[in-house]
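Only a predicted model underlies this, so the values are computations on that prediction, with no experimental measurement involved. In each ligand, atom 1 is the first atom listed, and ligand 1 is the first ligand listed. Sequential numbering from 1 along the given sequence is applied to the chain's residues.
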Amino acid sequence: MAKKNSNKKEKHDLLYIMNPNCGWCKKSDPVVEELKKDGYDITTLDITNPEDAKVANEVKAKYNAQCGTPLFLDAETGNMACGFRERGALEPWAKGEQMEERPAPTPPQKPTPKKYKLEYIWTDSDGNIRSKVRYSTIVQMPNEMLSMRNVPQWSFDGSSTNQAETTDSDLIISPVRLFPNPMESRNQSQMASWYVLCEVLNPDGTHHESNLRKELWDILQENKDQDIWVGVEQEYVMVDEVSGQPYGWTDYKDSTPPPQGEYYCGVGGNKQKGRVIAEQHANLCIQSGIAFEGFHPEVMLSQWEYQIGPGNPLDIADQLIFSRFLLQRITERVSFPVAVSYDSKVMPDGNWNGSGAHINFSSKQMREEDGPEYLNIICSSLAESHDEAIKSYGKDNDKRLTGRHETSSIDKFTWGENDRTASIRIPFSAVGEDKMGYLEDRRPSASMNPYEAFSYLVSTVSSVSKELLVNI
Ligand code: ADP
Ligand code: MN
Ligand code: MN
Ligand code: MN
């Protein structure tokens with residue numbers, strides 16, 4: 001009786017379908033040589049040669065061969081080995097042994113409906129963030145990620161947000177950026193969950209007056225050559241959600257904690273309030289993919305700062321709004337009654353710091369210059385537009401920019417190297433060899449609208465640096 005898997009089967013002749021320009025085929029060439037020496041008759045079909053390609057296509061069609069090159073094919077049995085193979089692996093089937101059944105080719109994938117939880121986010125006329133959820137069925141390819149292309153516009157009642165008259169109230173929220181929802185990577189219904197940052201449009205598709213994003217977009221388009229980057233230090237105060245007083249202060253006699261001095265970057269239950277929120281915020285920002293850089297407790301008890309950037313002003317503005325949204329959402333979830341305040345001066349009386357949103361900025365040329373000279377020239381040129389800057393830099397700055405508590409005076413434009421009482425500071429870390437020169441505008445208040453503030457800054461810095469180039 002003949003043994004199973006006998007090695008004594010006859011050698012078959014093989015076709016070697018190859019492309020001389022393909023790296024995998026080069027690896028197979030020595031195998032071919034060895035097999036030839038071993039007595040196999042191998043016909044090489046070079047698919048860059050039309051005659052050979054014709055034969056190769058015919059035989060591939062006959063045996064339904066799906067692979068490209070290199071391909072070893074037994075013309076007698078239809079056995080085949082796709083790709084580079086060790087000589088040992090080729091031999092059994094070249095001796096007539098049947099290869100394993102090949103899996104049937106997968107049918108082409110069809111678009112299928114998938115359900116999503118989408119939370120649309122926008123800003124109202126007073127700078128408050130609003131959001132509402134909808135569950136949408138979106139038709140897409142099975143492995144396709146959700147993209148802007150798939151997410152439709154929506155509408156909201158503008159009369160309830162002080163953005164429209166009741167008689168003509170519907171406004172459009174038009175998606176501009178998607179963020180994965182890091183609080184619910186999959187919610188209880190196993191549905192993918194995304195945040196959809198939107199801009200507000202009028203029913204006719206024009207930009208609503210509260211929507212300043214378009215202006216920033218236009219200004220950036222006009223000044224692409226400046227390649228301006230920004231980074232924001234967002235300060236805020238955790239406050240009691242009912243009284244608006246800084247969170248935790250009522251536990252102290254007369255609701256007043258010991259004077260500031262030990263709270264900045266403080267550690268311990270009596271040196272900071274609300275770290276669980278700041279920490280969770282940092283984690284969620286990072287998980288949702290924004291350029292979150294760091295955070296710390298600030299000078300006043302219950303005051304905090306986080307930084308975002310550096311990057312393109314439109315990206316950073318979108319990310320800043322989204323980071324504020326996440327922060328506010330976290331305060332809904334914690335077990336104590338806390339909210340976020342971006343007021344420029346939560347405690348107007350007494351010796352307490354206000355909250356700002358320093359904007360650090362650089363143009364391509366600022367980043368490339370070595371010394372502080374160019375940065376000083378830029379600062380001196382920004383003096384003229386001080387009033388315009390203050391108008392674009394948020395509410396109630398008169399209460400904060402007093403010349404005290406690490407601020408400049410609102411009435412005067414000043415700048416200086418490493419001077420934290422100046423309107424604009426030239427950070428030490430920004431000058432000298434191999435440093436990425438940048439400036440820190442300390443004037444913006446914590447509630448600033450980033451689209452408005454960056455529009456002023458990008459257009460002013462761009463025109464100043466263009467003028468300087470002409471005059472040099
Ligand atoms: P501060 O000393 O004022 O507290 P921070 O460390 O809090 O400074 O923040 C520094 C900020 O500077 C960050 O927001 C960062 O993104 C930004 N930044 C750093 N380098 C550049 C640059 N080349 N251009 C623009 N912004 C920058
Ligand atoms: Mn800072
Ligand atoms: Mn700060
Ligand atoms: Mn700063």
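Seen from the ring of Trp415, Arg425 does not count as a face-on cation partner, given the 6.0 Å and 45° thresholds.
Taking the six-membered ring where the residue is Trp, His281 and Tyr306 present perpendicular rings, their angle passing 60° and hence far from 30°. Aromatic ring pairs are classed by plane angle as parallel below 30°, tilted from 30° to 60° and perpendicular above 60°; the pair His296 and Tyr264 is perpendicular.
For Glu305, the heavy-atom gap to ligand 1 drops under 4.0 angstrom. At least one heavy atom of Arg425 sits less than 4.0 Å from an atom of ligand 1.
Among protein heavy atoms, the minimum distance from atom 16 (O) of ligand 1 is reached at Glu293 OE1, 2.7 Å. Scanning the protein for heavy atoms near atom 27 (C) of ligand 1, the closest one is Pro310 CB, 3.7 Å. Among protein heavy atoms, the minimum distance from atom 17 (C) of ligand 1 is reached at Asn360 CB, 3.6 Å. Closest to atom 4 (O) of ligand 1 among all protein heavy atoms lies Glu233 OE1, 3.1 Å.
Distances from the Mn ion (ligand 4) to the N/O/S atoms of Glu233 are shortest for OE1. The Mn ion (ligand 3) sits nearest to atom OE2 when only the N, O or S atoms of Glu235 are considered. The atom of Glu305 that is an N, O or S and sits closest to the Mn ion (ligand 3) is OE1. For Glu298, the N/O/S atom at the shortest distance from the Mn ion (ligand 3) is named OE2.
Using modelled atom types, one finds a donor on one side chain and an acceptor on the other under 3.5 Å when comparing Tyr393 with Asp441. At a cut-off of 3.5 Å, with distance as the only test, a side-chain donor of Thr48 or Asp46 sits close to an acceptor on the other residue. Looking only at atom types and distance, the side chain of Tyr342 has a donor-acceptor partner in the side chain of Gln328 under 3.5 Å away.
At a cut-off of 2.8 Å, Glu406 does not coordinate the Mn ion (ligand 3) through any N, O or S atom.
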